2 protein chains.
Amino acid sequence: MEDLALPGQFELPVDNDSQAPSRAERRDQQIQRILDAAKACFIRSGFQGASMHQICAEAGMSPGALYRYFPSKEAIIRAIVEADRKQDAEKFAAMDKNPCVVDGIVNCAMDHIRYTHENGNAPIFAEIATESLRNETIREIGDYCMDEVQHQFRNYVQAALDRGEIDPVVELDALLPMMMAIGQGLAINGLPGKGVSYDRIEKMFRATTAALLRPTRKCDPAKN
Amino acid sequence: MEDLALPGQFELPVDNDSQAPSRAERRDQQIQRILDAAKACFIRSGFQGASMHQICAEAGMSPGALYRYFPSKEAIIRAIVEADRKQDAEKFAAMDKNPCVVDGIVNCAMDHIRYTHENGNAPIFAEIATESLRNETIREIGDYCMDEVQHQFRNYVQAALDRGEIDPVVELDALLPMMMAIGQGLAINGLPGKGVSYDRIEKMFRATTAALLRPTRKCDPAKN
DNA sequence: AAAAAGAGAACGAACGTTCGCTCTTTTTAT
DNA sequence: ATAAAAAGAGCGAACGTTCGTTCTCTTTTT
């Protein structure tokens, strides 16, 4: 008879350097635990396919306990989508540190591709994109955060355009959605999983980006 | 009391030019009717979200009747995926009629994008891509048909390469998955729905394709 | 002692599927 | 040609299961 769950508070690993976690701290930990469990289930079975009982089991928690933290399945999905998109947005925040647009975009995108692939995040990404097409609530959250990324992109590209560094094939209003779409295709498809190496992906992505932005001069002769 | 369904055979619209449809013909019609209904439901709610009762209602058919044609929901999904992918494959069959690789690819892709958008097919496309990441049966069907498209692509591009018409940035083993991924991103994202006109999409897609394939000479001065 | 956290049985609804039945069409026997 | 039999098509109630969620009760923390 192994590991039968007893009532009462679940025992979390003890952090020796600090005292017992406060009420609020513990709450945050539990919320995170639920979100991690839910994410794992959603990756395995999708938003609709994963059941609350499965999420409870994965989190090592009873339904009664879980429902003290989230009022519904929808709320969990919303939280996951929001967290995931926020994380994406942060990934692209460092972009405009790079003085060369093409490099800035390529480096950030490659970081994102690497991260997504190594963490098995592609299914969640795909799930959000698909669910956005039919669930308005999800679409709103997704779009809100996606717009954030697109705005960062836009400002960054617009600045380069103002500086005369690039001569894009079309106006930015058409160009940015195109680049987002390409990025989405790459994220979902998981090229690294199909045996395409990162430096091949980078090479192609750089060529693609350059073709769309058409840089008018080299930024840094040291780079390629 | 309107239109209450009576037992027995459902009345289909009569084709005046011919006699009553044979047993087999009628069966095919009913199967098609179910597939159409299922597709509509799947677009609305996804594979997992759509219920058999909904599909029955959409098809104007009772569960008992429907189950004479398909043994399970999975079987319907399989049939839909197969039909959709087959249709995609056919769309790209005309590609190699075009002597200029870039034109051939761009034209076919644009036809496909137009078709997908105008028929509201993007959600099904996205659903298949997402479901492929976790459902092995779906993945097998999807990959099988996707490989067909990729093979057509590969032969077409390889021929151009042999003729010395292009000088791709990377080997075809890396290039083709990249192009498929880009295509998938475009199909799912539905750029036309975001206000990007077809000729802007074509311009960008042409630039992208050219950047990856790097044609060594113009095919036809009349075009471009 | 009060409040918060958790367990786990239980709820009604909805799921995919099956069943028994009626009606229609086709095949077979006369 | 006609009647009987068989097979096919369809309906809709009902099946057992699982779903998301709630409820009651116990244990732990404040």
Side-chain angles (χ1 to χ4, degrees), chain A residues 3-12 14 19-34 37-38 41-42 44-80 135 137, chain B residues 1 3-12 14 19-34 37-38 41-42 44-79 135 137:
Chain A
D3 197 21
L4 85 157
L6 293 172
Q9 197 150 308
F10 199 99
E11 194 166 350
L12 284 174
V14 184
Q19 51 239 19
S22 77
R23 204 76 174 228
E25 281 170 347
R26 181 173 170 89
R27 235 193 123 73
D28 289 347
Q29 285 171 359
Q30 293 291 70
I31 286 177
Q32 196 51 55
R33 183 218 278 277
I34 292 170
C41 289
F42 290 151
R44 212 183 300 126
S45 323
F47 289 149
Q48 316 227 45
S51 78
M52 289 302 264
H53 289 278
Q54 286 172 326
I55 296 174
C56 287
E58 180 90 23
M61 209 178 271
S62 67
L66 189 146
Y67 271 85
R68 289 210 182 266
Y69 297 95
F70 290 94
S72 68
K73 188 182 179 182
E74 258 268 323
I76 297 181
I77 295 175
R78 279 206 304 268
I80 296 251
N135 183 326
T137 311
Chain B
M1 204 124 322
D3 195 21
L4 84 158
L6 293 172
Q9 198 148 307
F10 199 101
E11 194 166 349
L12 284 174
V14 185
Q19 50 241 18
S22 76
R23 206 76 176 224
E25 281 170 348
R26 184 177 164 86
R27 236 193 122 73
D28 289 348
Q29 286 171 359
Q30 293 290 70
I31 286 177
Q32 196 51 54
R33 183 217 278 275
I34 292 170
C41 289
F42 290 151
R44 212 183 301 125
S45 322
F47 290 149
Q48 316 227 45
S51 78
M52 290 302 266
H53 289 276
Q54 286 171 329
I55 296 173
C56 287
E58 180 89 23
M61 207 178 274
S62 66
L66 189 146
Y67 271 84
R68 286 207 186 267
Y69 297 95
F70 290 94
S72 68
K73 189 182 179 183
E74 257 269 323
I76 297 180
I77 296 175
R78 278 205 303 266
N135 183 326
T137 311

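Computed from a predicted model, the values in this text were never measured in an experiment. Quick note on labels: first sequence line is chain A, next is B, and so on, each numbered from 1.
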Once you apply the 3.5 Å cut-off to both distances, tell me the Watson-Crick or G-U wobble partner of dT29(D), or none. dA2(C)
Among dG16(C), dA7(C), dT21(D), which nucleotide sits nearest the side chain of Lys73(A)? dT21(D)
How is Phe70(B) classified with respect to the nucleic acid when contacts are heavy atoms under 4.0 Å: base, sugar-phosphate, or nothing? nothing
If I take atom CZ from residue Arg78(B) and atom CG from residue Asn135(B), how far apart are they, to the nearest 0.5 angstrom? 9.5 Å
The reported gap from CD in Gln54(A) to SG in Cys41(A) (rounded to nearest 0.5 angstrom) is 5.5 Å
Given dC11(D), dG20(D), dT25(C), the nucleotide with the shortest approach to the side chain of Met52(A): dG20(D)
Rounding to an integer number of Å, can you tell me how far Tyr69(B) OH sits from dC11(D) P? 9 Å
Of the listed nucleotides dA5(C), dT18(C), dT21(D), the one nearest the side chain of Tyr67(B): dT18(C)
What is the distance from atom CD1 of Ile76(B) to atom CZ of Phe42(B), rounded to the nearest 0.5 Å? 6.0 Å
Whole-Å distance, Gln29(A) CD to dA4(C) P, equals 19 Å
Considering every strand and a 4.0 Å limit on heavy-atom distances, what is the contact class for Ala75(A): base, sugar-phosphate, or nothing? nothing
Would you kindly say whether Gln30(A) and Arg33(A) are connected by a side-chain donor-acceptor distance under 3.5 Å? yes
Over how many whole Å does the gap from Arg26(B) atom CZ to dA9(D) atom C1' extend? 8 Å
Measure the distance from CD on Gln30(B) to P on dG8(D) and round it to the nearest whole Å. 16 Å
Tell me which of Gly64(A) and Ser51(A) sits closer to the 5' end of DNA chain D, going by the nucleotide each one is nearest to. Ser51(A)
Considering only dC19(D), dA7(C), dC21(C), which nucleotide approaches the side chain of Arg68(B) most closely? dC21(C)
Once you round it to whole Å, what is the distance between P of dA5(C) and CD of Glu25(A)? 14 Å
For Arg33(A) and dG6(C), is the shortest distance between a side-chain N/O and OP1 or OP2 below 4.0 Å? no
Under a 3.5 Å cut-off for both contacts, is dA9(C) paired Watson-Crick or G-U wobble with anything, and if yes, with which nucleotide? dT22(D)
Under 4.0 Å between a side-chain N/O of Gln48(B) and OP1 or OP2 of dC15(C), yes or no? no
Atom CD1 of Ile34(B) to atom C1' of dG16(C): distance rounded to whole Å? 15 Å
Euclidean distance, atom CE of residue Met61(A) to atom P of dG6(C) [Å, nearest integer]: 6 Å
So which nucleotide from dA9(D), dG10(D), dG6(C) ends up closest to the side chain of Arg23(B)? dA9(D)
Does Gln54(A) place a side-chain N or O at less than 4.0 Å from the phosphate oxygens OP1/OP2 of dC19(D)? no
Donor-acceptor contact below 3.5 Å, side chain Lys73(B) vs main chain Phe47(B): yes
Rounded to whole angstroms, how far apart are CZ on Arg27(B) and C1' on dA7(D)? 12 Å
As a test of reading the structure: which of dG20(D), dA9(D), dT17(C) is closest to the side chain of Ser72(B), going by heavy atoms? dT17(C)
dist His53(A):NE2 -> Leu66(A):CG (nearest 0.5 Å) comes out at 10.5 Å
Looking at the side chain of Pro63(B), which of dT17(C), dA10(C), dG6(C) is the nearest nucleotide? dT17(C)
Checking contacts here: which listed nucleotide (dG8(D), dA10(C), dA7(C)) is nearest the side-chain heavy atoms of His53(A)? dA10(C)
Using the side-chain heavy atoms of Ser62(B), tell me which of these nucleotides is nearest: dA4(C), dA7(C), dG10(D). dG10(D)
